[in-house]
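See structure below.
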Protein chains: 2
Amino acid sequence: MKKKITLKQIARELEVSISTVSKALKNSKEISRDTTEKIQAFAKLYHYKPNNIALSLKNRRTKNIGVIIPDIVHHFFTTVFRGIEKYADTRGYNVIACVSDESFEKEVINMEMLANGSIDGFIMALSAETQRKNDFHHLMEILDQGMPLVLFDRVTDEVICDKVVINDFESAYMATKKLIEDGRKRIALITTESYLNVSEKRAQGYCNALKDHGLELDKNLILRLPYQFEDEKKSEAFFASTNMDAVLCVNEIFAVRAMRIAQANGKKIPEDISFIGFTDGIISKLANPALTSIAQHGERMGNVAAKMLIEKIEQDDEIEQEEATYKTEVIEATLIERESTIN
Amino acid sequence: MKKKITLKQIARELEVSISTVSKALKNSKEISRDTTEKIQAFAKLYHYKPNNIALSLKNRRTKNIGVIIPDIVHHFFTTVFRGIEKYADTRGYNVIACVSDESFEKEVINMEMLANGSIDGFIMALSAETQRKNDFHHLMEILDQGMPLVLFDRVTDEVICDKVVINDFESAYMATKKLIEDGRKRIALITTESYLNVSEKRAQGYCNALKDHGLELDKNLILRLPYQFEDEKKSEAFFASTNMDAVLCVNEIFAVRAMRIAQANGKKIPEDISFIGFTDGIISKLANPALTSIAQHGERMGNVAAKMLIEKIEQDDEIEQEEATYKTEVIEATLIERESTIN
DNA sequence: GTTAACAACGAAAACGGTTTCGTGTTGATA
DNA sequence: TATCAACACGAAACCGTTTTCGTTGTTAAC
């Protein structure tokens, strides 16, 4: 078992100083050709690689970015994560992943852990509880310390920082409009109970589309389900008691569940009822019938978020003082038409 | 913008030495009550938290563990990841996640990046390419450096280290046996093309179960699909040309795809054909009909892997020299019966 | 009135690097 | 022969901690 070799050991072995070794390995021209070659050969032989921790301490830069997401067994979030990881990789950054589990407290704890030097910046989506409590002091604090932060998807206006979101309102509007243009008159909405900003925006888009096209908003056509827990009975009751010819769902899981219930009730999809869901994941593709859904392009989102973050991190050196400027990037969602709607 | 405060700054401000501050914050009884209180008050006021990087350097312990998985947008792997993260969290460890993307090279690069001090140990599942090439020198190297390693799911006998796997052979055997006992005679297997050890073991279990129950192995009943890329035509041809009354699939995606093709061919599930898949994810639950599948208990697996790793990490101090002993934990998979089989 | 013990604190080394700033040696130049 | 660059290298500071080992000043004991 050979522990990793250090500069000091190389120096001792070769009877030179630590500084000489360090310089030789960086091809400094201060060091003679002979010595440099000797040192480099020795280093290669022993697989010398500088210790990242030491470098981080010296450079005050870890080359790590922290990602905090509400859930990891979740198609959309992992998609974003992949985008982040891929981009980070190209820039030599590692990703430390934390899961808040939709809990405010875990979010705070995780942030505090990471903020003490472990990372150079954060990318995160707010937990449901955080959005409900409307408490963002932990975000303010890390911003105050000068640590870059990029919020994605689950964002809030109360924190001033870089953000990347999809056009939730517009895409829900477009989807609803499509249903209307398909001749649908009684369009239902299945959304979440808890206060998630994305769901709200989607609901807004839905409402506005109805209004703009002369359909009136029927509260009975809106079903609010708990975000995490399944409530099959509530959905069944909804379908049993309500008459509708189309359904817009704020995620694909709601949509597929709803389709099953509708089918069990003898409805034909899309002839009797059309379905559109958000999040174009594997579930949408494999559903029977395949679900028309709104692709959120999570990987792009992750890419953009990582890019924004790293740019901020690396400019921080140069500009330092100058007042930071923040932007919000909007990723355009696109409707992927499949079998659950008529076309 | 207040940058994080350091011991040195507190010391200067309070006109004491750095050592005094450090000790006071740890409630050392070397320091007087007065001084301690003063220092602690000041530290709290400025939200002092020790710098993790400095601690890591000093303790030669990062409290980070590296997780390398082939894919992140993948139900089973994220489930394991969640298990790892949850356990790590309880022990005060952070998780650095890298994705090998099924590529040997990326796996090597990622490992090298992390092995230079960033983490205290690895948890990983081998990439497909690594398994195909049978090249494990990178694993050997990090083991040789004394860094703990736990392999899960995609493991190999050629590397001696801790492992956690499911009983692939037995569970495939049991599933096949169940199909036989249900009266099925022509049981197909849909597995992967590339050489993944888990697929092979499952195939073995399938074959042995057939043999033990007096059914002969028909090569025409075995379909090998590319792991990542969809090959719908190949599957369709398979179903068109082959007569079968049951199908065992090595993952749920294969299974759901296959069900759709069978249904399109006018087959009734489970009356005409039964289906069983591996990986009991959301896809199995939402499929129509719901898919009977073999739960791999990924979260448990992650839990166990993390526990094994952290134990090894933390015992390393004490025992140091003593020859390490490695174990392989087996997580028992369980069959979840749903609508795609008769019961 | 010594001396020993103790309380309260500081100096310095160490973790593993990078980098600035000497310093001694050489060869060329005046 | 004295002077000066250039060359090749080392010493030391620094990043932010922890921890060992002094070093004081005070007090109790003899």
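Below, read A as the first sequence line, B as the second, and so on, with proteins coming before strands; counting in each chain starts at 1. Note: hydrogens, waters and symmetry copies are ignored here, and every other heavy atom, side chains too, is used.
Among the atoms of the strands shown, base atoms are found under 4.0 Å from some heavy atom of L7(A). S32(A) comes within contact range of the sugar-phosphate backbone alone, with a heavy-atom separation under 4.0 Å but no base atom that close. Heavy atoms of K23(B) sit under 4.0 angstrom from at least one base atom. Note on T6(B): only backbone sugar-phosphate atoms sit closer than 4.0 angstrom, heavy atoms only; bases stay farther off.
Side-chain contact, N303(A) with K86(A): no donor N or O sits under 3.5 Å from an acceptor N or O.
A heavy-atom distance below 4.5 Å is not found between the side chains of M124(A) and V67(A). For the pair V95(B) and I65(B), the minimum side-chain heavy-atom distance is below 4.5 Å. R82(B) has its side chain out of reach of T78(B): every pair of non-hydrogen atoms, C-beta onward, lies at least 4.5 Å apart.
Distance NZ (K26(B)) to P (dA8(C)): 20 Å, rounded to an integer number of Å. Between the P atom of dT18(D) and the CG atom of N27(B) lies a distance of 13 Å, rounded to the nearest Å. Note: CG (N51(B)) to C1' (dC14(D)) measures 14 Å, nearest angstrom. I31(B) places its CD1 atom 14 Å from the P atom of dT19(D), with the value rounded to the nearest Å. Spacing between atom CD1 of I53(B) and atom P of dG16(D) amounts to 11 Å, rounded to whole angstrom units. Taking atom CD1 on I18(A) and atom P on dC14(D), their separation rounds to 17 Å, with Å as the unit. Atom CD in E30(A) sits about 12 Å away from atom P in dC21(C), given to the nearest Å. Computed from coordinates, the R33(A) CZ to dC9(D) P distance equals 13 Å when rounded to whole Å.
Both K8(A) and E15(B) sit near DNA chain C, but only E15(B) has its closest nucleotide nearer the 5' end. With DNA chain D read from its 5' end, the first of the two nearest nucleotides for A54(B) and T20(B) is the one closest to A54(B).
The existence of a salt bridge linking K133(B) and E105(B) is excluded, since no basic side-chain nitrogen approaches an acidic carboxylate oxygen closer than 4.0 Å.
Closest approach of A305(A) and V164(A) over heavy atoms only: CB-CG1, 3.6 Å.
If you check residues 35-48 of chain B against DNA chain D, the residues with a heavy atom closer than 4.0 Å are Y48(B), listed by number.
Not one side-chain nitrogen or oxygen of S17(A) sits closer than 4.0 Å to the OP1 or OP2 atom of dA11(D). Under 4.0 angstrom from either OP1 or OP2 of dC9(C) there lies no side-chain N or O belonging to S19(B). Using a 4.0 Å cut-off, no side-chain N or O of K29(A) falls inside it from OP1 or OP2 of dA8(D). For dG16(D), neither phosphate oxygen OP1 nor OP2 lies less than 4.0 angstrom from any side-chain nitrogen or oxygen of K58(B).
Distance from the side chain of L57(B) is smallest for dC15(C) among the nucleotides dT17(D), dC15(C), dT18(C). Ranking dC9(C), dG16(C), dC15(D) by closeness to the R60(A) side chain, first place goes to dC15(D).
Checked against a 6.0 Å centroid threshold, the rings of F77(A) and F81(A) do not count as neighbours.
Applying the salt bridge (Lys or Arg N to Asp or Glu O under 4.0 Å) test to R300(B) and every residue at least two apart in sequence or in another chain returns nothing.
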